[in-house]
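Comments concern the structure below.
Atoms within each ligand, like the ligands themselves, are counted from 1 in listed order.
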Amino acid sequence: TPNRSLGQHFLLHPDQARRLVAALELRGQEVVVEIGAGLGALTYFLAESGGRVIALELDRRLIPILTTEVLPGFSNVMVVSQDALKFDYLALSREEGQSLTVAGNLPYQITSPLLFKLMGVKTAIRIMLFMVQQEVGLRLMAQPGGKDYGILSVLIQYHFHLRRLFLLKPSNFYPAPKVDSVVLGFRPRLPEPSAINEDFLAQVVKAAFSTRRKTLRNTLTAQSSLLRASPAVILAILHDLRIDPGRRAETLSVDDFVRLSNRLAEKTGKPY
Ligand code: SAM
């Protein structure tokens with residue numbers, strides 16, 4: 001029986017799994033980390049591609065099924081019963097001497113924390129391909145100006161180039177989820193884009209969105225100690241950058257946030 005609290009919705013049709021794996025354009029040399037192998041729908045095609053596959057699955061009940069029924073005969077696959085949120089991606093990439101391919105039909109509960117974690121290790125990543133709930137997909141791809149645009153949109157788009165691949169209806173899964181799913185591709189934006197300090201960028205974005213409906217004048221000056229700048233300095237920087245303090249966070253582009261956090265970082269002159 002599927003465990004709902006682990007977000008278990010298993011892909012029913014091999015064609016969809018094959019299609020997702022094909023989008024990774026694997027050549028057999030890659031090291032692939034799969035998030036949430038489940039009953040191995042994707043794992044099978046990843047294994048077939050010939051590269052090394054590290055399949056993470058938190059639910060121990062599924063491990064023997066995976067190893068003895070789905071994947072016997074594949075010596076290139078290692079099934080690991082571990083939490084994807086705790087896995088050391090940097091260490092694996094270092095050991096293997098190459099950047100990682102990360103893929104999965106993500107359990108809904110861990111989607112945001114996992115994406116935030118992977119932003120922090122993007123130097124160890126070649127490409128990622130994830131199936132997520134449609135509404136999360138909309139937030140990830142959102143452009144400034146709408147209700148979907150927020151902290152996750154700004155930071156993911158700062159760290160990765162995103163591409164929307166295809167949509168899957170609930171009927172493709174057992175048990176059927178309530179909403180559509182979408183498959184998205186992510187490529188790290190390397191070399192580093194332009195933020196002086198990425199942790200500080202994240203703080204500025206979070207501060208700006210802390211009260212979504214208020215103006216930047218209100219949200220940013222209220223967080224003046226966190227931003228390490230006085231309200232007067234914050235307003236002067238906004239003025240310099242020609243960002244109207246009467247605007248709300250959701251109207252700022254990723255680039256606006258980068259410029260704002262860089263100016264704040266320069267102004268206080270402290271290394272963070
Ligand atoms: N890949 C399979 C498929 O497409 O049919 C299963 C996808 S299912 C949406 C997500 C899987 O992730 C479940 O098997 C669940 O047990 C597993 N899972 C949940 N939380 C996890 C975590 N923190 N780390 C690793 N796996 C997790």
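- Of the protein's heavy atoms, E57 OE1, 2.8 Å lies nearest to atom 14 (O) of ligand 1.
- Heavy-atom neighbours of R163 CZ from other residues, nucleotides or ligands within 6.0 Å: at or below the threshold of 12.
- Of the protein's non-hydrogen atoms, G7 O, 3.2 Å is the one closest to atom 9 (C) of ligand 1.
- Against a heavy-atom cut-off of under 4.0 Å, Q82 is close to the following atoms of ligand 1: 24 (N), 25 (C).
- For K86, the heavy-atom gap to ligand 1 stays at 4.0 angstrom or more.
- In this structure, the protein non-hydrogen atom closest to atom 5 (O) of ligand 1 is L11 N, 2.8 Å.
- For atom 2 (C) of ligand 1, the closest non-hydrogen atom of the protein is A37 O, 3.4 Å.
- For atom 26 (N) of ligand 1, the nearest non-hydrogen atom of the protein is L58 N, 3.3 Å.
- With ligand atoms numbered from 1 in the order given, ligand 1 contributes 3 (C), 4 (O), 7 (C), 8 (S), 9 (C), 10 (C) to contacts under 4.0 Å with heavy atoms of N105.
- Shown in contact with A41 at under 4.0 Å from a heavy atom are these atoms of ligand 1, numbered in order with element: 5 (O).
- Cluster membership for F200 and M119, using ILVMFWY side-chain heavy atoms within less than 4.5 angstrom, is shared.
- Without hydrogens or angle criteria, Y149 side chain to L252 main chain gives a donor-acceptor distance under 3.5 Å.
- The H9 neighbourhood of ligand 1 comprises atoms 7 (C), 8 (S), 9 (C), with distances under 4.0 Å to a heavy atom of that residue.
- Residue-to-ligand polar distances keep D59 apart from ligand 1: every N/O pair is separated by 3.5 Å or more.
- In terms of protein heavy-atom proximity, atom 19 (C) of ligand 1 is closest to L6 O, 3.2 Å.
- With hydrogens left out, the protein atom closest to atom 12 (O) of ligand 1 is G36 CA, 3.1 Å, a heavy atom.
- Counting only distance, with no hydrogens or angles, the side chain of D240 and the backbone of I237 share no donor-acceptor pair below 3.5 Å.
- Follow the hydrophobic side-chain contacts under 4.5 Å out from L11 and you never reach V136; the two are in separate clusters.
- Under the 3.5 Å distance criterion, the side-chain polar atoms of S153 are matched with a main-chain donor or acceptor of R139.
- Open room surrounds OH on Y44; 12 or fewer heavy atoms of other groups in view lie less than 6.0 Å from it.
- In summary, the atoms of ligand 1 found under 4.0 Å from a heavy atom of Q8, numbered by their order in the structure, are 13 (C), 14 (O), 15 (C), 16 (O).
- Nearest to atom 24 (N) of ligand 1 by heavy-atom distance, out of G38, S181, A84, G40, is A84.
- The E34 neighbourhood of ligand 1 comprises atoms 1 (N), with distances under 4.0 Å to a heavy atom of that residue.
- Here L58 contributes atom CG and I63 contributes atom CD1; the two are 9.0 Å apart, rounded to the nearest 0.5 Å.
- Protein heavy atom closest to atom 18 (N) of ligand 1, with residue, atom name and distance, is P107 CG, 3.7 Å.
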Residue pair Y158, V205: steps toward the side-chain contact (heavy atoms from CB on, under 4.5 Å) verdict: CA-CA 11 Å; Y158 170 81; V205 173; over 6 Å; no
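- Counting non-hydrogen atoms of neighbouring residues, nucleotides and ligands closer than 6.0 angstrom, the NE2 atom of H239 reaches no more than 12 such neighbours.
- No single ILVMFWY cluster, assembled from side-chain heavy atoms under 4.5 Å apart, contains both L39 and L46.
- Set against the non-hydrogen atoms of D83, the atoms of ligand 1 under 4.0 Å away are 22 (C), 23 (N), 24 (N).
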